[in-house]
Enquirer: 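One structure, pasted below without further comment.
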Amino acid sequence: MPKIQEPEIKKPSRPASSGKSPQLLKGFRDILPPDQPYWRFVRKTAESFATGYGFEEIGLPILEETNLFVRSIGKQTDIVEKEMFSFVDKNDGNVSLRPEFTASVARSYINHGMINLPQPVKLYYFGPAFRREKPQGGRQRQFHQFGLEVIGDSSPILDAQLIAIAYNFFSQINLPDVSVQVNSIGSPESRKVYKQELVNYYRAKRKILCEDCKKRLTKNPLRLLDCKVESCQSLKAEAPQIVDWLDEESKDHFMKVIGYLDEIDIPYVLNPYLVRGLDYYTKTVFEIWPAEADSGSQSALLGGGRYDGLIEYLGGRPTPAAGFSAGVERIISYLKEKATAIPPEPLAKIFLAQIGDQAKVKALALFEQMRRENISVAENFTKDSLKSQLEIANKLKIRYVLILGQKEVVDGTVLIRDMESGIQEIIDFNKTVTEMKKKLANN
Ligand code: HAM
């Protein structure tokens, strides 16, 4: 058996023993508690939206064979060329952190014989993906995607429905100001002819092209169209447009897609320069941008399209498919930018305060009893003074504070303080749960 080569481990630039406390890696973020309500809101909305449309959740590994992504996304793409977190694993060879989910969904569809299920198979996912991009606004090295994939059907109505779902999703999360960009990049055959046309056009202007575009001429001509450098941008207007080079079938498919969109009143922009950065696409491609954005690649909230050849290319039977993924961090930034209110989360309605050692013990037991009864209750057993406990209850905007002190323990009672009216009442300790349930039901 050939010996597997051990990966060469480079020394980190800053040794662990340098005395400095460890820092976050560039492009990686902590998601702290104040941000979590946004995450829960987006995740919950995404999940109920997807299941409402008949999609089932799929869980996929974060680490896959590098080859899966090289073959699916394409060797000459930015993602595969420069952005993957890849390493050699002792047993499994070349592996990479997933830069996206579609390739894994396609692999899983083949591995689990999902072709034998009723078609199309409709799957959704939500989780982290990794791309070693230059971190800047809206670009991180670890980010999260929520996505839908429909596998096993080639009808244009599906493309239109996916675009409609994507558009409606943004209304559902209170971000209706978005712009839907659509294009068709046709079949691989028609694209080949178009690429040559594009190269001929740009080659004549080679001198003005930026260094990256000079490379794109031979490596990835379609990407010439979404270069952000001004001198290259100005050439775009005169460049041949892919729609003029579509084969009859792709043209017919695209006309039907936009016909359906018109029918269901989904506003869209026909964008002849939308080419997407992944090689597996065929026919329809689309993105959703914030309404005020003039160029998608820095700020697209969502991207997707049809990928009819991918499953066969990965070794499965010919199986058409389409889908999209949305960038969760970008959605959350946009929600914040637009100061969009997110629904308030349920807060504890009762605070249990205690004073003195005996009361602490009794309060601990009462707290557990209330939790068992599904009463949402807060506490801070480490505090001794009533004043500081009332301050916490105030901060948490809690209406009722139960107070257990030395006297209450001796009397077998508990004091209820209504923080809104300031009224206090004493009740039998053993009736606390029933009394509090009554109060909460009346509120
Ligand atoms: P994508 O356009 O590469 O497509 O990514 C989809 C979305 O993920 C983007 O629109 C953006 O919101 C977010 N995103 C991508 N890269 C980053 C990053 N570095 N930082 C923050 N957010 C980012 C795909 O991944 C395809 N798999 C979509 C698809 C599904 N096509 C068919 N099915």
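Both counts, for ligands and for their atoms, begin at 1 and track the order of listing.
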Enquirer: Say whether Arg139 and ligand 1 are in contact under the criterion: heavy-atom distance to a ligand atom below 4.0 Å.
Expert: yes
Enquirer: Could you check whether the rings of Phe146 and Tyr124 sit parallel, tilted or perpendicular, using 30° and 60° as the cut-offs?
Expert: perpendicular
Enquirer: Using a 4.0 Å cutoff against the non-hydrogen atoms of Tyr280, which atoms of ligand 1 qualify?
Expert: 26 (C), 27 (N), 31 (N)
Enquirer: Does a donor on one side chain and an acceptor on the other come within less than 3.5 Å for Gln233 and Ser231?
Expert: no
Enquirer: Write out the residue and atom name of the closest protein heavy atom to atom 27 (N) of ligand 1, then the distance separating them to 0.1 Å.
Expert: Glu100 OE1, 2.5 Å
Enquirer: Any idea which of Phe146, Phe143, Tyr307, Phe286 brings a heavy atom closest to atom 14 (N) of ligand 1?
Expert: Phe143
Enquirer: Got a salt bridge between Lys283 and Asp159, using NZ or NE/NH1/NH2 to carboxylate O under 4.0 Å?
Expert: no
Enquirer: Hey, which atoms in ligand 1 end up nearer than 4.0 Å to a heavy atom of Ala300?
Expert: 9 (C), 10 (O), 11 (C), 12 (O)
Enquirer: In this structure, does ligand 1 have an atom that sits under 4.0 Å from one of the heavy atoms of Gly304?
Expert: yes
Enquirer: Go through the side-chain N and O atoms of Tyr268 and Asp262 and say whether any donor and acceptor fall under 3.5 Å apart.
Expert: yes
Enquirer: Give the atom numbers and elements of ligand 1 that come within less than 4.0 Å of a heavy atom of Gly303.
Expert: 10 (O), 28 (C), 29 (C)
Enquirer: Does an N or O from Leu301, backbone or side chain, lie closer than 3.5 Å to an N or O of ligand 1?
Expert: yes
Enquirer: Heavy atom of Arg276 under 4.0 Å from ligand 1?
Expert: yes
Enquirer: Please enumerate all residues that pass ring pair (Phe, Tyr, Trp, His ring centres under 6.0 Å) together with Tyr125, with sequence neighbours excluded.
Expert: Phe101
Enquirer: Which of the numbered atoms in ligand 1 are below 4.0 angstrom from a heavy atom of Glu149?
Expert: 30 (C), 32 (C), 33 (N)
Enquirer: Within a distance under 4.0 Å of any heavy atom of Tyr281, pick out the atoms of ligand 1 and give their elements.
Expert: 26 (C), 28 (C), 29 (C), 31 (N), 32 (C)
Enquirer: Against ligand 1, does Phe324 come closer than 4.0 Å with any heavy atom?
Expert: yes
Enquirer: For ligand 1, is there an N or O atom under 3.5 Å from any N or O atom of Leu278?
Expert: no
Enquirer: Do Gln140 and Arg29 get their side chains close enough for a donor-acceptor pair, meaning under 3.5 Å?
Expert: yes
Enquirer: Mind running ring-ring contact (aromatic ring centres under 6.0 Å, His included) on Phe367 and Phe381 for me, showing each step along the way?
Expert: CA-CA 10 Å; Phe367 182 81; Phe381 291 132; 5.7 Å; yes
Enquirer: For ligand 1, which part of Ile79 has a heavy atom less than 4.0 Å away: the side chain, the backbone, both, or neither?
Expert: neither
Enquirer: For Gln145, counting its heavy atoms only, list the atoms of ligand 1 lying under 4.0 Å from any of them.
Expert: 5 (O), 6 (C), 7 (C), 8 (O), 24 (C), 25 (O)
Enquirer: If the plane angle is over 60° it's perpendicular, under 30° parallel, otherwise tilted; pick one for Tyr194 and Trp245.
Expert: tilted
Enquirer: Does Lys336 qualify as a cation-pi partner of Tyr38, given the criterion of NZ or CZ under 6.0 Å from the six-membered ring centre and within 45 degrees of its axis?
Expert: yes
Enquirer: Check whether the ring centres of Tyr280 and Tyr307 lie less than 6.0 Å apart, and answer yes or no.
Expert: yes
Enquirer: Examine Thr102 against ligand 1 and note whether any of their N/O atoms are separated by less than 3.5 Å.
Expert: yes
Enquirer: Counting heavy atoms only, which part of Arg141 comes closer than 4.0 Å to ligand 1: side chain, backbone, both or neither?
Expert: neither
Enquirer: Any side-chain donor-acceptor pair under 3.5 Å between Ser187 and Asp247?
Expert: yes
Enquirer: Check for a donor-acceptor pair, side chain of Ser72 on one end and backbone N or O of Ala103 on the other, with a separation under 3.5 Å.
Expert: no
Enquirer: Can you name the atoms of ligand 1, numbered from 1 with element, that are less than 4.0 Å from a heavy atom of Glu133?
Expert: 16 (N), 17 (C), 18 (C), 19 (N)
Enquirer: Check each atom of ligand 1 against the heavy atoms of Gly138 and keep those under 4.0 Å away; list them by number with element.
Expert: 20 (N), 21 (C), 22 (N)
